[in-house]
Amino acid sequence: MLDVIELALRIIGLGLIVLGGFASLISAIGFHRFKNFYLRLHAATIGTIWGCVYPLTGASLLSITLSELGTYRWFIAGASLVAAIIILILAPAGSHAIARGVHKAKIARVQPCIADLLDKDLCG
Amino acid sequence: MSRALNAFIVACLTFIVYIVFTGSVSIYDLMTGFIVAVVTGVLFSNIALSNALKVIDPRRWYILVRYAIRYFIIDETLAHVDVIKRILHPRVPVNPAIVKVPYYAETDYAKTCIACSITNTPGTVVVEIDENERVFYIHWIDAKTLEPEKAREFISKVFEEYSKKIFD
């Protein structure tokens, strides 16, 4: 029974880490393909959630199963989990602060634009 | 009395986070964790909490766990797949707009939770909050509608239902 749980944790952990690598690559490609400040923020979100929070959770699950690490595996598991939760809370605060600052200072325009209900002058 | 209870609960949460972070239960870690927890609890008692009874309600924790599982498995996956498709598509199809989305949550924690949930899903970023009109201004990568109520159905309805149950 314990072996099955260990195997499941290991597979889920490795899967999440691979997903993280894939998402970071996609996020980097998105940064180059999107031509506008606000659109790049969406690519950055992929890099923080699938590219950062998920693989940290995966590292936490994986390290629980690595018995050769001894007691240090609990340190790795706990630190990864807490770091993932802290990134989950702080990353949106950062994105929001950047978006709000840029919109207030009228630095970047919303382009292409369907409508801008906050400030019509910045549309298009 | 309520301040002491607030301080006690903040200290307990800090202590749990500290012990999970260090990942050990040696005497040294328990002692430093206790000192850090007491200092944090006393300093942040009335800033962090106004009604301590909400924290010890197990129903709210149960809904929080259900929300986390649903959010990470369903909502995040749908939003990520949508934006990844747009990035890899040859023509990079985008349809962006800044839309108004009303919210009906009362407490600051609930508003913050809704706004963070919206920003953490790729495709929507909260640009501005207007607390007098009770609306978020959201940059949406694929604006299906400009009507505030309909946009709310697409973006924040689920987040708000759960956040209201957890924090209000």
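So you know, we letter chains A, B, ... as the sequences are listed, proteins then strands, and number each from 1.
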Does any backbone or side-chain atom of A/K104 lie under 4.5 Å from a heavy atom of chain B? Answer side chain, backbone, both or neither. side chain

B/F34 atom CZ, over 12 foreign heavy atoms within 6.0 Å: no

Looking at A/Y72, I want to see if its OH is surrounded by more than 12 non-hydrogen atoms of other residues, nucleotides or ligands under 6.0 Å. no

Co-membership, hydrophobic cluster, residues B/Y109 and B/V158, 4.5 Å side-chain: yes

So which part of B/F21 gets closer than 4.5 Å to some heavy atom of chain A, the side chain, the backbone, both or neither? both

Checked B/V126, B/V20, B/N120 vs chain A; the most non-hydrogen pairs under 4.5 Å come from B/N120

Does B/I47 have more than 12 heavy atoms from other residues, nucleotides or ligands lying within 6.0 Å of its CD1? yes

Is it true that B/L53 and B/F8 fall in one hydrophobic cluster, defined by side-chain heavy atoms closer than 4.5 Å? yes

With distance as the sole test, does A/Y38 use its side chain to make a donor-acceptor pair with the main-chain N or O of B/I141 at under 3.5 Å? no

Side chains of A/I89 and B/T112, heavy atoms from C-beta outward: is any pair under 4.5 Å? no

Which of A/D116, A/I98, A/T71, A/V102 touches chain B most, by non-hydrogen pairs under 4.5 Å: A/D116

For residues B/H139 and A/H42, is any side-chain donor paired with an opposing acceptor at under 3.5 Å? yes

Is there a side-chain contact between B/F72 and A/T57 (heavy atoms, below 4.5 Å)? no

Region of A/A115 in contact with chain B, defined by heavy-atom distances below 4.5 Å: both

Any chance you could measure B/I87, atom CD1, to A/F31, atom CZ, to the nearest 0.5 Å? 9.5 Å

Options A/P112, A/A91, A/S80, ranked by heavy-atom pairs under 4.5 Å with chain B, top entry: A/P112

Quick one, A/I49 and B/P122 - any side-chain contact, counting heavy atoms below 4.5 Å? no

Structural part of B/T124 lying under 4.5 Å from a heavy atom of chain A: backbone

For A/I114, does its backbone N or O pair with a side-chain atom of B/N95 as donor and acceptor, under 3.5 Å? no

Could you tell me the separation between the CD1 atom of A/I29 and the CG atom of B/L88, rounded to the nearest 0.5 Å? 6.0 Å

So do the side chains of B/P96 and A/C113 get within less than 4.5 Å of each other, counting heavy atoms only? no

Is any side-chain heavy atom of B/T119 closer than 4.5 Å to one of A/T45? no

Max heavy-atom pair count under 4.5 Å with chain B, selected residue of A/R73, A/R100, A/H32: A/R100

Can you check whether B/H89's main-chain N or O pairs, donor with acceptor, with A/R33's side chain at less than 3.5 Å? yes

Determine the option with the most heavy-atom pairs under 4.5 angstrom with chain B, choosing from A/S27, A/G30, A/A79. A/A79

Can you tell me how far NE2 of A/H96 sits from CD1 of B/I118, rounded to the nearest 0.5 angstrom? 11.5 Å

Using the rule that two of Ile, Leu, Val, Met, Phe, Trp, Tyr join whenever any of their side-chain heavy atoms come within less than 4.5 Å, decide whether B/V135 and B/L146 are in one cluster. no

Measure the spacing between CZ of A/F75 and OG1 of B/T22 and express it to the nearest 0.5 Å. 8.5 Å

Can you tell me how far the CD1 atom of B/I138 sits from the CG atom of A/L117, to the nearest 0.5 Å? 11.0 Å

So how far is it from B/E76 CD to A/Y54 OH, rounded to the nearest 0.5 Å? 5.0 Å

Between B/E128, B/R86, B/K100, who has the most heavy-atom pairs with chain A when the cutoff is under 4.5 Å? B/E128

Worked verdict on A/K35 versus B/V92 for side-chain contact (heavy atoms from CB on, under 4.5 Å): CA-CA 10 Å; A/K35 296 295 178 205; B/V92 194; over 6 Å; no

Between A/V110, A/L118, A/I76, which residue shows the highest count of heavy-atom pairs closer than 4.5 Å to chain B? A/L118

Identify whether B/V10 and B/L5 are in the same connected component of the hydrophobic contact network (ILVMFWY, side-chain heavy atoms under 4.5 Å). yes

With clusters defined by side-chain heavy atoms of hydrophobic residues (ILVMFWY) lying less than 4.5 Å apart, directly or transitively, does A/L61 cluster with A/M1? yes

